[in-house]
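For reference, the structure discussed in these notes is given below.
Everything quoted here is computed from the prediction, not taken from an experiment.
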Amino acid sequence: MTDFEKRVYDVVKTIPYGCVKTYAEIGMELGNPKLARAIGNALHKNPDPKGTPCFRVVHSDGRLCEAFAFGGINAQKELLEAEGILIKDNKVVF
């Protein structure tokens with residue numbers, strides 16, 4: 001695991017139950033909101049999906065991730081809905 005990946009996972013672990021953050025928000029916490037693609041790549045390789053809730057990360061417009069690495073978009077939707085997050089047309093309702 002790279003230092004960057006560890007930093008991404010550390011930020012994602014702070015997302016509270018029932019909340020989401022966008023890739024850009026995580027990038028801002030890491031010092032650069034343009035890191036969204038690199039953050040997505042790191043999350044795709046998440047070695048601990050149960051301990052690092054990458055399903056709580058969505059696109060800036062609230063869209064779920066079509067390529068969610070741990071079961072696809074429907075799995076991400078189910079995990080978020082189980083935490084009480086409202087989803088409509090595969091987007092988080094903010």
Side-chain angles (χ1 to χ4, degrees):
M1 171 185 326
T2 67
D3 180 60
F4 175 75
E5 290 168 345
K6 183 181 180 326
R7 290 174 47 222
V8 169
Y9 303 145
D10 287 346
V11 170
V12 171
K13 287 176 185 176
T14 69
I15 304 171
Y17 181 94
C19 298
V20 297
K21 281 192 178 182
T22 67
Y23 292 101
E25 288 172 328
I26 293 170
M28 288 172 55
E29 289 189 41
L30 296 174
N32 184 347
K34 295 183 180 184
L35 291 172
R37 188 170 300 244
I39 292 164
N41 287 333
L43 293 179
H44 197 76
K45 298 186 281 186
N46 181 358
D48 180 22
K50 291 187 182 196
T52 307
C54 57
F55 67 90
R56 294 182 184 145
V57 181
V58 298
H59 294 282
S60 292
D61 63 359
R63 280 181 299 121
L64 304 184
C65 305
E66 296 84 11
F68 180 62
F70 305 99
I73 194 168
N74 289 330
Q76 184 181 22
K77 179 180 178 183
E78 288 173 11
L79 289 164
L80 292 172
E81 287 178 332
E83 292 192 358
I85 296 172
L86 183 59
I87 307 292
K88 183 175 180 185
D89 298 325
N90 289 329
K91 289 175 91 172
V92 172
V93 178
F94 291 106

Please list, one pair per line, the donor and acceptor atoms closer than 3.5 Å that link side chains of residues 8-16 to other protein atoms, with sequence neighbours excluded.
unit_1 : atom_1 : unit_2 : atom_2 : d
Tyr9   : OH     : Ala42  : O      : 2.7
Asp10  : OD2    : Lys6   : NZ     : 3.0
Thr14  : OG1    : Val11  : O      : 2.6

For Asp61, all residues meeting side chain to side chain donor-acceptor pair (under 3.5 Å), sequence neighbours excluded |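 If we apply the side chain to side chain donor-acceptor pair (under 3.5 Å) test to Asp61, skipping adjacent residues, the hits are Arg63.
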Listed partners of Arg7 passing side chain to side chain donor-acceptor pair (under 3.5 Å), at least two apart |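 Per chain and number, Arg7 pairs via side chain to side chain donor-acceptor pair (under 3.5 Å) with no residue.
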Checking [X] now: which residues fulfil salt bridge (Lys or Arg N to Asp or Glu O under 4.0 Å) with it, not counting sequence neighbours?
| X | value |
| --- | --- |
| Glu29 | Lys21 |
| Lys77 | none |
| Glu83 | Arg56 |

Whichever hydrophobic residues join Met28 through chains of side-chain contacts under 4.5 Å |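 So far as hydrophobic clustering goes, Met28 is joined with none.
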Which ILVMFWY residues can you reach from Ile87 by hopping between side chains whose heavy atoms are under 4.5 Å apart?
->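 Traced through the cluster, Ile87 reaches Val20, Phe55, Val58, Leu64, Phe68, Phe70, Ile73, Leu79, Leu80, Ile85, Val92, Phe94.
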Asn74: partners by side-chain contact (heavy atoms from CB on, under 4.5 Å), with sequence neighbours left out =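 side-chain contact (heavy atoms from CB on, under 4.5 Å) check on Asn74 returns nothing, list empty.
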Residue pairs involving residues 85-94 (criterion side-chain hydrogen bond (donor to acceptor under 3.5 Å, both in side chains); sequence neighbours excluded) |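 Sorted pair list comes back empty.
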Can you sort out the partners of His59 under ring pair (Phe, Tyr, Trp, His ring centres under 6.0 Å), two or more places apart, ordered by chain and number?
->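 Testing His59 for ring pair (Phe, Tyr, Trp, His ring centres under 6.0 Å), a comparison that skips the adjacent residues, returns Tyr23.
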Which atom of Lys34 lies closest to which atom of Asn32, heavy atoms considered |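 Residues Lys34 and Asn32, closest heavy atoms: N-OD1, 2.8 Å.
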Minimal non-hydrogen separation, Leu43 against Cys54, with atom names |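 Looks like CD2-CB, 3.8 Å.
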Side-chain donor-acceptor pairs of residues 45-53 under 3.5 Å, sequence neighbours excluded:
unit_1 : atom_1 : unit_2 : atom_2 : d
Lys45  : NZ     : Glu5   : OE2    : 2.7
Asn46  : OD1    : Asp48  : N      : 2.9
Asn46  : ND2    : Thr52  : O      : 2.8
Asp48  : OD1    : Gly51  : N      : 3.2

Just how far is it from atom CG of Leu35 to atom CG of Asn41, taken to the nearest 0.5 Å?
->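 Here the rounded value is 11.0 Å.
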